[in-house]
Amino acid sequence: MLSSNYTKKVYEDVVLRNPGESEFHQAVLEVLESLEPILEKRPEFEKHSILERFVEPERLISFRVPWVDDEGKIRVNRGYRVQFNSAIGPYKGGLRFHPSVSASVIKFLGFEQTLKNSLTTLPMGGGKGGADFNPKGKSEGEVMRFCQSFMTELYRHIGQFVDVPAGDIGVGAREVGYMFGTYKRIVGGYEGGAMTGKGIPFGGSLGRVKATGYGLCYFAEESMNRQRGTSFLGKTVIVSGSGNVAVYAAEKATQLGATVVAMSDSDGYIYDNHGIDVNEVIKIKADRQRISVYADKVPTAAYNEGSKNIWSVKCDIALPCATQNEMDKQGAKSLIENGCLGVFEGSNMPLTPEAIALVINAGLLYSPGKASNAGGVSVSGLEMSQNSLRLSWSEAEVDMKLRDIMKNIFNASFEASKEAGCEGNLMAGANIAGFLKVAEAMIAQGAV
Ligand code: NDP
């Protein structure tokens with residue numbers, strides 16, 4: 001609930017200007033609520049209309065993506081890029097290919113990305129993009145032709161000093177490769193820093209593919225240690241999803257001594273109290289098969305229909321790593337009743353506002369995705385640095401930097417929560433810490 005006239009007015013305008021865009025409204029409301037305590041102390045933000053500017057993307061581009069399917073028929077999808085905020089660096093954020101992609105989803109992601117990138121301490125503004133294209137069931141050739149067509153339009157809006165896309169849901173190394181190849185061909189030169197998540201042989205960073213999942217666990221470990229004096233060792237963990245973020249979160253949690261007992265895809269979840277073999281999940285996903293196949297291969301595992309039911313599995317730690325609003329009130333209630341210690345977000349905005357309130361009020365540890373999943377974009381930032389320096393760091397070096405960044409993000413969020421009078425509320429802390437840096441840069445740059 002908003003209480004100040006300033007935030008109420010800004011939120012009302014967001015709803016009016018962006019009708020029906022529920023995901024975007026949800027993300028903005030959460031952030032405005034968190035910022036209220038500091039807005040009172042910093043009247044200059046209202047004087048400089050910082051919130052009004054902060055919630056309005058600098059630019060939203062939408063475009064036609066025509067491509068030819070295997071039957072020779074021309075199909076059309078809609079592509080997007082939101083260039084949300086460039087106060088602290090070039091726009092930076094992934095591309096999502098999923099049928100649910102809309103202006104609302106892209107704006108919510110770009111808005112969150114601005115705060116996340118600020119938290120990483122690297123000089124990156126916020127952006128996001130994608131298309132309502134469903135890569136599922138498409139042939140290699142169809143995916144390649146789609147990516148080429150998408151980049152044929154997007155190239156004019158991006159560049160190493162302008163806007164640097166990467167992967168997200170439905171966009172992995174394969175898609176980034178096709179898009180980067182097309183970009184290189186159009187601009188007529190190798191401009192490595194124009195995209196991240198590239199393959200290792202052509203300028204990608206070692207450790208990038210694992211960075212979001214690993215970073216999530218480093219963040220969660222720090223939070224458990226600093227806020228409860230405990231760690232992953234001996235804990236039972238649920239990881240939702242089985243994509244890029246999920247599998248490497250499961251791998252790192254296992255390396256840190258936890259047992260991952262459940263994972264999912266959008267159809268259902270697998271459960272095995274002996275612990276899930278992450279390598280098997282990685283193989284299944286590399287073959288683009290469903291997670292149900294795991295239960296056919298591993299006799300101790302069971303498969304259950306309905307991905308949302310994963311939260312009814314008893315666990316100490318929940319790592320939602322699939323998609324937005326994947327955990328509602330019911331999911332949060334089940335976790336609380338089962339004595340869960342903490343929920344750390346790997347995906348963007350996985351908990352509904354009601355679920356967040358339940359989890360925080362029940363005293364569980366909780367971190368928002370913009371803080372705990374920032375490892376991916378952080379290593380993307382390191383990929384840009386390596387491309388500029390024309391050298392590549394070892395995986396161990398990248399991992400060490402990633403650990404430091406995740407610790408720093410925890411510290412910044414925790415300290416900001418203390419200063420705002422809500423010690424330990426990492427949602428408020430992350431929103432405030434991320435916002436302050438961007439707001440100060442915006443004031444310094446005048447009315448732009
Ligand atoms: P992937 O496409 O690699 O994987 C997404 C996974 O989530 C798939 O297993 C997918 O299953 C599953 N999924 C999708 N919808 C649902 C659902 N409703 N219920 C359960 N499972 C579902 O994406 P990523 O791993 O890259 O991204 C996951 C999340 O993490 C997103 O929110 C993304 O924005 C965020 N993120 C990603 C980063 C990255 O570096 N990749 C960085 C920071 C955040 P299925 O195959 O059935 O669709």
Side-chain angles (χ1 to χ4, degrees), residues 23 27 92-101 105-106 108-110 112-113 115-117 119-120 126 128-130 133-137 165-176 196-197 204-205 207-216 219 238-250 262-270 281-282 284-294 304-311 319-328 331 344-352 368-381 383 402 406:
E23 294 87 355
K92 177 88 195 89
L95 298 170
R96 177 177 291 192
F97 292 168
H98 193 272
S100 66
V101 164
V105 167
I106 295 301
F108 117 66
L109 289 165
E112 294 276 296
Q113 194 81 41
L115 293 159
K116 182 188 311 192
N117 292 0
L119 283 169
T120 66
K128 198 82 189 185
F133 170 75
N134 188 357
K136 264 188 224 158
D168 190 73
I169 291 180
V171 179
R174 173 180 70 167
E175 292 76 14
V176 170
T196 62
S205 175
R208 171 61 185 93
V209 71
K210 300 177 176 181
T212 309
Y214 276 26
L216 169 64
F219 187 99
I238 297 177
V239 181
S240 66
S242 44
N244 173 259
V245 180
V247 294
Y248 293 110
M263 294 185 75
S264 59
D265 61 19
S266 55
D267 295 328
Y269 72 93
I270 49 168
V281 176
I282 292 175
I284 290 170
K285 287 290 148 177
D287 292 342
R288 302 187 187 275
Q289 289 179 299
R290 309 306 298 158
I291 202 152
S292 55
V293 169
Y294 185 90
N304 299 279
E305 283 292 334
S307 58
K308 279 203 171 168
N309 298 331
I310 193 171
W311 310 119
L319 303 177
C321 294
T323 192
Q324 66 268 11
N325 292 326
E326 54 171 305
M327 189 194 298
D328 58 15
F344 302 97
E345 296 185 348
S347 39
N348 285 309
M349 210 167 76
L351 273 68
T352 63
K370 63 177 77 73
S372 44
N373 74 23
V377 75
S378 301
V379 174
S380 275
E383 183 174 332
L402 172 65
M406 298 315 294

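All ligand and atom numbering here is 1-based and tracks the order in the structure. The chain is numbered in sequence order, starting from 1.
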**Item:** Student check: side-chain heavy atoms of L216 and N373 closer than 4.5 Å
**Value:** no
Kindly write out the residues that satisfy side chain to side chain donor-acceptor pair (under 3.5 Å) with [X], not counting sequence neighbours, or none if the list is empty.
X    : value
S264 : none
R208 : S380
N117 : Q113

**Message:** With a 3.5 Å distance limit and no angle check, can you tell me whether D328 reaches the backbone of G331 through a side-chain donor-acceptor pair?
**Reply:** yes
**Message:** Residue by residue, ordered by chain and number, which ones reach under 4.0 Å of ligand 1 with a heavy atom?
**Reply:** R96, K116, K136, D168, I169, G170, R208, T212, G241, S242, G243, N244, V245, D265, S266, R290, S307, C321, A322, T323, G346, S347, N348, N373
**Message:** Just verifying a value: how many Å separate Q324 CD and N348 CG, rounded to the nearest 0.5 Å?
**Reply:** 8.0 Å
